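These notes are about the structure you will find just below.
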Number of protein chains: 2
Amino acid sequence: MVTQRQLEEREMRRQRILQGALRVYQRDGIEKATMDGIAKEAGFGKATLYYYFESKEEIFVELLRSGWEQIWESVESILEVPGTPRTQFAAILKSLAHRISRDPAFYGFLFQAPTQLTGLPAERQTWRKHQNRMYGVLRGLLEDGIAQEEFPRVDSELLLRAIGGLFHGLFFLGTGGQDITDENMDLFLDNLFSGSSVAMETES
Amino acid sequence: MVTQRQLEEREMRRQRILQGALRVYQRDGIEKATMDGIAKEAGFGKATLYYYFESKEEIFVELLRSGWEQIWESVESILEVPGTPRTQFAAILKSLAHRISRDPAFYGFLFQAPTQLTGLPAERQTWRKHQNRMYGVLRGLLEDGIAQEEFPRVDSELLLRAIGGLFHGLFFLGTGGQDITDENMDLFLDNLFSGSSVAMETES
DNA sequence: GTAATTTTCGAATTGACAGTCGGAAAGTAG
DNA sequence: CTACTTTCCGACTGTCAATTCGAAAATTAC
């Protein structure tokens, strides 16, 4: 028989292992991150990790899944606030920017690790569900915004890739640069959307 | 005694190995790329690779070095044509875009592999010389362009990161999207620079 | 208490892979 | 043809790291 407390403690230990894995990832990268390193960082023996997770891969997949789930939930709550495609799109980017500036290491992991986890069967990429939903929403907002002349009239897929890249560049490329501020973020969004007629809400 | 022909044949075999390594990299990623795989792809026995290269690392470093050298040379030749910071900057991006569309796999490697080759001592990162020169030129052009009001008045380092990211997004993010056309490239450059006063040359 | 269950982990085991070795094959010179 | 150089490679070695094993320690139930 397992009590509620036991379940909670179990869950806390899982979280402790996940946090240790994240720190090792930051220090060593995903390929160099070893189970020995994670075990030491989390304060368990190596074999104990296998009591809580199936494999090294499962640890990183779980980090991705829960992270993208969080992102998706925040996107969902933004969509509940009425607005034009453009204001909603900008609100999502600003919310993301805000989250990233709070915890750059974790979001760096969320955005970069998927490209480094090669050769996973699709059904194991459990974070993809939420990731795709978010990109789907963004693409939809862009398409609506283009239809309503709020955005430049270009292929929405390319526009999404461009904006995604720009975002990625601002936050993750370049090793030691200063963090981006809210003001700069607004400046870039303004600039990006400068061709259209509707003014953006850039006050925080 | 070695004849000229022998030297040329040796060089061709080196190239064949490099090309094989590139194909394996595309298929498996840099960490999963094994010497056995490269040997098979290039049509040699594994031990023969070590007759031509010191190590696996040297193979990939050499691919990067020669690739960035080519890029740098094309940038240099663009700089010899007189123009404003803005036209030169745009010309460099267009030239890069053109190269990338000719050989996406190779340029994907040139832009992505450096972030995956971790823990190399600085002196072994032989491609950095040309890479830094190119970014230095771009940053300089942005700074001059900002001073001359050809670009929006923001921190040049952030602008470079943003543009670099945008570029990266257009060409490398998103898995199976269609290739970007010259027209779309022009459209994006126009849009990017829309805040300023000077019209761009977008005819090819 | 002590039997049952849960949690822990050091010590093997296993598989993958970079790099080496010793010699064979192929090519060249005279 | 023979001596010499260049090129090639299958089999082996050593290392590193994921995963498993078997049992000990800690906790819980009665």
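So that the names make sense, note that chain A is the first sequence line, chain B the second, and so on, each numbered from 1. If you're wondering where the values come from, they're calculated on a predicted model, not measured in any experiment.
Contact between the side-chain N/O atoms of B:Lys56 and the OP1/OP2 oxygens of C:dA18 is found at a separation under 4.0 Å. For the OP1/OP2 pair of D:dT6 and a distance below 4.0 Å, the side-chain nitrogens and oxygens of B:Arg10 include no atom meeting the criterion. Contact annotation: A:Tyr52 does not reach the phosphate of C:dT7 (side-chain N/O to OP1 or OP2, under 4.0 Å). OP1 or OP2 of C:dC9 lies within a sub-4.0 Å distance of a side-chain N or O belonging to A:Thr48. Listed pair B:Tyr51 / D:dC8 fails the phosphate criterion, with no side-chain N or O lying under 4.0 Å from OP1 or OP2. Remark: B:Arg13 is in phosphate contact with D:dC8, judged by side-chain N or O atoms under 4.0 Å from OP1 or OP2.
Salt-bridge check for A:Glu8 with A:Arg5: failed, with every basic side-chain N at 4.0 Å or more from each acidic carboxylate O. Using a 4.0 Å cut-off between charged nitrogen and carboxylate oxygen, B:Lys129 and B:Glu69 do not count as a salt-bridge pair. We find that A:Glu9 and A:Arg13 are joined by a salt bridge, their nearest charged nitrogen and carboxylate oxygen being less than 4.0 Å apart. Under 4.0 Å is where a charged nitrogen must lie from a carboxylate oxygen, and between A:Glu41 and A:Arg27 at least one such pair does.
Here the P atom of nucleotide D:dC9 and the CD1 atom of B:Ile38 are 15 Å apart, to the nearest Å. B:Glu9 places its CD atom 10 Å from the P atom of C:dG27, with the value rounded to the nearest Å. The CD atom of A:Glu57 sits 16 Å away from the C1' atom of D:dA17 (whole-angstrom rounding). Note: OH (B:Tyr50) to P (C:dC17) measures 12 Å, nearest angstrom. Between the CZ atom of B:Arg16 and the P atom of D:dT7 there is a distance of 15 Å, given to the nearest Å. Protein atom CD of B:Glu54 is 9 Å distant from nucleotide atom P of C:dT20, rounded to whole Å. The distance from atom CG of B:Leu7 to atom C1' of D:dT7 is 14 Å, rounded to the nearest whole Å. As rounded to whole Å, 10 Å separates atom P of C:dG10 from atom CG of A:Asp36.
Picking from C:dT8, C:dT6, C:dA18 the nucleotide with the shortest atom distance to the side chain of B:Met35 gives C:dA18. Ranking C:dG19, D:dT28, C:dC21 by closeness to the A:Arg5 side chain, first place goes to D:dT28. Residue A:Gln6 places its side chain closer to D:dT28 than to any other of C:dT28, C:dT8, D:dT28.
Close placement of the A:Phe111 and A:Trp68 rings is indicated, their centers lying within 6.0 Å of each other.
Applying the 3.5 Å distance criterion, the base of C:dG10 shares no donor-acceptor pair with the side chain of A:Lys46.
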